[in-house]
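See structure below.
Per chain, numbering begins at 1; letters A, B, ... match sequence-line order.
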Number of protein chains: 2
Amino acid sequence: MADVDVFAALASPTRRQLLGLLLDQGARPVQELAEHFDMRRPSLSEHLRVLKDAGLVVERRAGRQRLYSLRPEPLRELSEWLTPYERFWREKLSNLRDLLDAEGDQMDGDPR
Amino acid sequence: MADVDVFAALASPTRRQLLGLLLDQGARPVQELAEHFDMRRPSLSEHLRVLKDAGLVVERRAGRQRLYSLRPEPLRELSEWLTPYERFWREKLSNLRDLLDAEGDQMDGDPR
DNA sequence: TTGACCGGTAGGCAATCGCCTACCTATCAT
DNA sequence: ATGATAGGTAGGCGATTGCCTACCGGTCAA
């Protein structure tokens, strides 16, 4: 378990697509996942290992297959990271911020 | 403009910390940002360029300084990507999904 | 038991990353 | 005009990434 950062795990479009497949289709064996990619199976295995190390998927053995399924909990970290940024686009405050910035302000006073 | 993927831009802890600084403190010159990192200034410049290429910061010149400020709009893409996953942890449906998966189902319907 | 199948691991290789030092241009102060 | 300051760019270098082929062990079917 290499304890992979969830942000780093999501940096790859292939890995995001894997999560999307698992979200839409539920647990799936490696072979079936591989059909969706123009890539050899061992490469997919490596992507799946990164996702597993990040806690984003779990593996369950079923005969000679290994079923991977989504484990969305680590995405909570992403959501929480995003929270303080959200109001800036939801409330369209970017322009206000630009104005504030233009005056060379500090924000909540701790000028070093 | 190398048109950088926002997910890739966020993969680096240094770049996330830069965004956090700009969020808390508003526009800042490079030098002041650099004080928060154990890294030479040119490396920071490279990180800032990645953020700029991803549209996450904007640069404004002020004398011989360049003030970088947050541009959170691209984070909306992240938020939208996250949306379909959210209900799985918010409604604690992971266990239900595990049960469904265990039967090797497809999941086209909307199990709610 | 033997062969086919599922999928992980090993190792090679080119490309990219992330840091560095050295250097360059632009601006400001004297 | 000269020197100091802000910060981007060039290029080197080791580490990492992402793909590949080859191989290996475990499971199932005949």
Side-chain angles (χ1 to χ4, degrees), chain A residues 1-19 21-22 25-70 101-102 104 112, chain B residues 1-19 21-22 25-70 101 104:
Chain A
M1 302 287 176
D3 194 37
V4 166
D5 179 8
V6 60
F7 287 91
L10 296 177
S12 154
T14 298
R15 289 193 289 267
R16 292 198 298 277
Q17 191 179 343
L18 278 169
L19 293 179
L21 286 168
L22 297 178
Q25 308 186 356
R28 282 292 176 272
V30 177
Q31 241 190 359
E32 193 179 318
L33 294 170
E35 291 169 8
H36 297 84
F37 298 88
D38 182 24
M39 186 183 302
R40 305 292 176 187
R41 191 192 36 73
S43 304
L44 248 307
S45 278
E46 289 158 18
H47 283 298
L48 286 168
R49 187 165 44 78
V50 173
L51 291 173
K52 192 168 67 172
D53 287 347
L56 285 163
V57 301
V58 290
E59 172 198 313
R60 178 164 47 83
R61 293 167 196 231
R64 53 187 153 178
Q65 305 194 114
R66 308 204 185 181
L67 299 180
Y68 283 87
S69 53
L70 183 65
D101 290 345
R112 62 224 92 264
Chain B
M1 300 287 177
D3 196 36
V4 166
D5 179 9
V6 60
F7 286 91
L10 295 178
S12 153
T14 298
R15 289 193 289 267
R16 292 198 299 277
Q17 190 179 343
L18 277 169
L19 294 179
L21 286 169
L22 297 178
Q25 308 185 355
R28 282 292 176 271
V30 177
Q31 240 190 357
E32 193 180 318
L33 293 170
E35 292 169 8
H36 297 83
F37 298 88
D38 183 23
M39 187 183 302
R40 305 292 175 186
R41 192 192 34 76
S43 304
L44 249 304
S45 277
E46 288 157 17
H47 283 298
L48 286 167
R49 186 166 45 78
V50 172
L51 291 173
K52 192 169 69 174
D53 287 348
L56 285 164
V57 301
V58 291
E59 171 199 314
R60 176 164 50 82
R61 292 168 197 230
R64 53 187 152 177
Q65 304 195 116
R66 309 205 183 180
L67 299 179
Y68 283 87
S69 52
L70 184 66
D101 290 345

Non-hydrogen atoms of A/Ala34 and A/Leu44 that approach each other most closely: CA-CG, 4.3 Å

Under-3.5 Å donor-acceptor pair between A/Arg66 side chain and C/dG7 base: no

Touch class at under 4.0 angstrom, heavy-atom based, for A/Arg15 against every strand present: sugar-phosphate

Protein-nucleotide distance (B/Leu44, atom CG; C/dG18, atom C1'), rounded to Å: 12 Å

Bending between helix ends of the helix from C/dT1-D/dA30 to C/dT30-D/dA1 [5 pairs per end, 10° resolution]: 20°

Between CG on residue A/Leu51 and CD on residue A/Glu46, distance to nearest 0.5 Å: 12.5 Å

Heavy-atom side-chain contact between A/Arg28 and A/His36 under 4.5 Å: no

Whole-Å distance separating the CG atom of B/Leu67 from the C1' atom of C/dT27: 14 Å

B/His47 vs C/dC19: side-chain N/O to OP1/OP2 distance below 4.0 Å: yes

Residue-phosphate contact under 4.0 Å: A/Gln31 side-chain N/O, C/dC6 OP1/OP2: yes

Test item: B/Arg16 side-chain N/O and B/Leu10 main-chain N/O as donor-acceptor pair under 3.5 Å: yes

Any A/Phe37 side-chain heavy atom under 4.5 Å of A/His47 side chain: no

Interatomic distance where CG belongs to B/Asp5 and P belongs to C/dC17 [whole Å]: 12 Å

Between C/dC28 (P) and B/Arg61 (CZ): distance, integer Å: 12 Å

Under 3.5 Å donor-acceptor pair, B/Glu46 side-chain atoms to C/dC20 base atoms: yes

Touch class at under 4.0 angstrom, heavy-atom based, for A/Phe37 against every strand present: nothing

Interatomic distance, B/Met39 CE vs C/dC17 C1' [rounded to whole Å]: 12 Å

Distance in angstrom units between A/Arg28 CZ and C/dG7 C1', rounded: 17 Å

Whole angstrom value for the distance that separates C1' of C/dT9 from CZ of A/Arg49: 9 Å

Where B/Ala11 and B/Pro13 come nearest, the two heavy atoms and their spacing: O-CD, 3.6 Å

Interatomic distance, B/Leu48 CG vs C/dG18 P [rounded to whole Å]: 13 Å

Most 5' of A/Arg41 and A/Thr14 on DNA chain D, judged by nearest nucleotide: A/Thr14

With sequence neighbours excluded, residues passing side chain to side chain donor-acceptor pair (under 3.5 Å) with B/Arg40: none

Given DNA chain D, 5'-ward residue of the pair A/Asp38 and B/Pro42, judged by closest heavy atom: B/Pro42

From A/Leu67 atom CG to A/Leu22 atom CG, the distance as rounded to the nearest 0.5 Å: 10.5 Å

Check: A/Val50 and A/Leu56 side chains under 4.5 Å, non-hydrogen atoms: no

Point-to-point distance, once rounded to the nearest 0.5 Å, from CZ of A/Arg49 to CZ of A/Arg15: 10.5 Å

Chain B footprint on DNA chain D, 5' to 3' - any atom under 4.0 Å from a heavy atom: D/dA4 to D/dG11

